[in-house]
Chemist: 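Before I ask anything, let me first share the structure, which is written out below as C-alpha cells.
Sequential numbering from 1 along the given sequence is applied to the chain's residues.
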Amino acid sequence: MMRLNKYIAHHSSYSRREADKAIQDGYARVDGEIQDNPATQVDEKEVIVYVSGKQITPRDKYTVIVYNKPKGELVTKSDPKGRRTIYDGLDKQYKHFIPVGRLDYATEGVLLLTDASKIATALMNSNLERIYKVKIKGEITSEMESAMMNGMTIDDASAGGHSHSKITSMTFAPFIGYKIQKSEHNYSVLKIAISEGQNREIRRFFAHFGTDVADLKRISFAEVELNNLPTGKTRFLSRSEYSALTTFMKAEQKLKRERGEK
C-alpha cells in the first residue's frame, strides 16, 4: 500500500506538492471515484488512478527504496541471537524487500532495498561507485595511499572480518578515488570511492595496516545519495534516480544478450 500523493509523484512528472494540490482540488480519481485526501492509501499493484483525465501509468514493475541504516542493525531477516535487524526498523510494507548487498552491524548509511530480485542481483554484482566516509584510528600512511591507488592482494585478510568468516585471501581493486579530510596521530577522516562490495572490505583493508575503523558510513550508491534522509528513515527513489537505474538495467540487459545469457 502507498499514499495516493506518493503514488502520483512516484509514477508521473508531478512533484509531491503538485500531487497534493491536484488531489485536494478534486482532480484525482481512484478506481473511478474522486479522492481529495492525499493520504488515501492505494494498492499500487491493483489501483487505477487518473489525474485531470489522464491515467497515471506505473513507470516500472518494481520499487526501490533508500534506507538510512543506523548502526546496530543487521542486514538479515532474523538473527538467532535476537539482535535488531533492518526489518525491525522498516515499515511492514517493506518486509518482503531484498537488500542490495549488506552493511555490517556497525556500519550506517545508504542501503537500497527492492521488491525485484533481478534489480537486487544486478546492483549487487555491479561495479557502480560506492562512496563511504571513514574514520580510522591513527594517521593515514603512504602505504595506505599506495594501496588505495594501486590495489593489493592480501593472503590473510581475516583481520577486520567477522570472527566466523571463512574468507582468507582478498584482492582489493584500486579505489576509484579518495579524499583525506583529516590525518592526525589520534584519528583520521577520509572519503573513499570504491566499485566493489566485498565482505567487510573497508574494515579488512585498513586492518591490514594495523588500523581499526572507528566509524563507517556509506553516503552514496551510484546516483543515490542520502541527501537529508534521517537515520532510520526510508524514501523512494527520485525520478532522476529511477531514470539512472532504468538506463543501467537496459545496459545490463544488452550486455547479457551479447553474452547469450538470459
Side-chain angles (χ1 to χ4, degrees), residues 66-76 83-84 86 99-112 123-232 244 248:
V66 189
Y67 180 48
N68 187 353
K69 176 193 170 300
K71 293 180 183 179
E73 286 185 356
L74 290 170
V75 182
T76 185
R83 289 173 294 180
R84 185 175 174 86
I86 57 169
V100 175
R102 292 172 181 263
L103 292 179
D104 66 50
Y105 191 71
T107 301
E108 57 185 323
V110 171
L111 180 67
L112 302 181
L123 289 173
M124 211 180 304
N125 296 327
S126 73
N127 59 358
L128 293 169
E129 182 180 78
R130 290 100 156 139
I131 298 179
Y132 293 82
K133 186 171 184 179
V134 191
K135 179 180 178 181
I136 64 171
K137 295 177 181 177
E139 59 189 351
I140 297 162
T141 64
S142 57
E143 289 80 8
M144 289 178 193
E145 290 198 63
S146 176
M148 285 190 275
M149 288 187 288
N150 303 310
M152 66 175 176
T153 297
I154 305 174
D155 291 332
D156 181 5
S158 56
H162 191 276
S163 57
H164 296 120
S165 174
K166 295 178 181 177
I167 293 172
T168 50
S169 65
M170 185 175 280
T171 296
F172 300 85
F175 289 11
I176 295 172
Y178 68 93
K179 183 178 181 181
I180 298 171
Q181 297 180 317
K182 181 175 185 177
S183 182
E184 294 184 357
H185 179 70
N186 289 333
Y187 73 92
S188 301
V189 178
L190 68 162
K191 279 186 181 178
I192 63 172
I194 60 176
S195 59
E196 301 177 303
Q198 298 188 80
N199 180 273
R200 295 173 72 96
E201 177 181 8
I202 296 168
R203 295 183 189 278
R204 292 177 195 267
F205 178 92
F206 287 103
H208 174 69
F209 299 99
T211 303
D212 290 331
V213 171
D215 279 305
L216 184 56
K217 182 174 188 175
R218 183 156 67 192
I219 55 179
S220 71
F221 188 116
E223 305 283 335
V224 181
E225 299 181 1
L226 273 181
N227 297 330
N228 296 316
L229 185 66
T231 300
F248 165 75

Chemist: Under the side-chain contact (heavy atoms from CB on, under 4.5 Å) rule, what do Lys137 and Tyr187 come out as? Steps first, then yes or no, please.
Modeler: CA-CA 4 Å; Lys137 295 177 181 177; Tyr187 73 92; 5.5 Å; no

Chemist: Step by step, would you call Lys71 with Asp215 a side-chain contact (heavy atoms from CB on, under 4.5 Å)?
Modeler: CA-CA 10 Å; Lys71 293 180 183 179; Asp215 279 305; 2.3 Å; yes

Chemist: Measure the spacing between CD1 of Ile136 and CG of Leu216 and express it to the nearest 0.5 Å.
Modeler: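 CG of Leu216 is found 11.5 Å from CD1 of Ile136.
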
Chemist: Measure across Arg130 and Leu123 and return the closest heavy-atom pair with its distance rounded to 0.1 Å.
Modeler: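 Arg130 and Leu123 have their closest heavy atoms at NH2-O, 3.6 Å.
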
Chemist: Distance from Ile192 atom CD1 to Glu129 atom CD, nearest 0.5 Å?
Modeler: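 So the CD1 of Ile192 and the CD of Glu129 are separated by 11.0 Å.
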
Chemist: Side chains of Lys69 and Arg218: closer than 4.5 Å at any heavy-atom pair?
Modeler: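 No, their side chains stay 4.5 Å or more apart.
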
Chemist: Just checking Glu196: does its CD atom have more than 12 heavy atoms from other residues, nucleotides or ligands closer to it than 6.0 angstrom?
Modeler: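 Atom CD in Glu196 is packed in, count exceeds 12.
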
Chemist: State, to 0.1 Å, how close Ile194 and Glu201 come at their nearest heavy-atom pair, and which atoms those are.
Modeler: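 Heavy atoms only, the tightest pair is CD1-OE1, 3.6 Å.
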
Chemist: Of Lys179, Met148, Glu145, which is the lone residue that meets side chain to side chain contact (heavy atoms under 4.5 Å, CB included) with Leu190?
Modeler: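 Among Lys179, Met148, Glu145, the one that satisfies the side chain to side chain contact (heavy atoms under 4.5 Å, CB included) with Leu190 is Met148.
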
Chemist: side-chain contact (heavy atoms from CB on, under 4.5 Å), that's the test. Do Asn68 and Val66 meet it? Break it down for me.
Modeler: CA-CA 7 Å; Asn68 187 353; Val66 189; over 6 Å; no

Chemist: Look at the aromatic rings of Phe175 and Phe205 and report parallel, tilted or perpendicular, splitting at 30° and 60°.
Modeler: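 Phe175 vs Phe205 ring planes: tilted.
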
Chemist: Looking only at heavy atoms, what is the nearest atom pair of Val75 and Leu103, with distance?
Modeler: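 The pair with the smallest heavy-atom distance is CG2-O, 3.2 Å.
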
Chemist: Within the 4.5 Å heavy-atom criterion, are Met152 and His208 side-chain neighbours or not?
Modeler: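 Yes - at least one pair of side-chain heavy atoms lies under 4.5 Å apart.
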
Chemist: Output the distance between atom CD (Glu139) and atom NE2 (His185), rounded to the nearest 0.5 Å.
Modeler: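 Reported value, rounded in 0.5 Å steps: 7.5 Å.
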
Chemist: Are Thr141 and Glu143 packed together at the side-chain level, in the sense that at least one heavy-atom pair is separated by less than 4.5 angstrom?
Modeler: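 Yes, side chains in contact.
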
Chemist: Apply salt bridge (charged side-chain N to carboxylate O under 4.0 Å, His left out) to Arg200 and list each qualifying residue two or more places apart in sequence or on a separate chain.
Modeler: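 Checked Arg200 against salt bridge (charged side-chain N to carboxylate O under 4.0 Å, His left out); matches are Asp104.
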
Chemist: Distance check, rounded to the nearest 0.5 Å: Ile154 atom CD1 versus Thr168 atom OG1?
Modeler: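 That separation rounds to 11.0 Å.
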
Chemist: Check whether the side chains of Tyr67 and Glu73 place a donor and an acceptor atom closer than 3.5 Å, and report yes or no.
Modeler: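 Distance-only check passes for Tyr67 and Glu73.
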
Chemist: Do the non-hydrogen side-chain atoms of Ile131 and Glu225 ever get within less than 4.5 Å of each other?
Modeler: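 Counting from C-beta outward, Ile131 and Glu225 never come under 4.5 Å.
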
Chemist: Minimum heavy-atom separation for Ser188 and Ser183, please, with both atom names.
Modeler: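 In this case the closest contact between Ser188 and Ser183 is OG-CA, 3.2 Å.
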
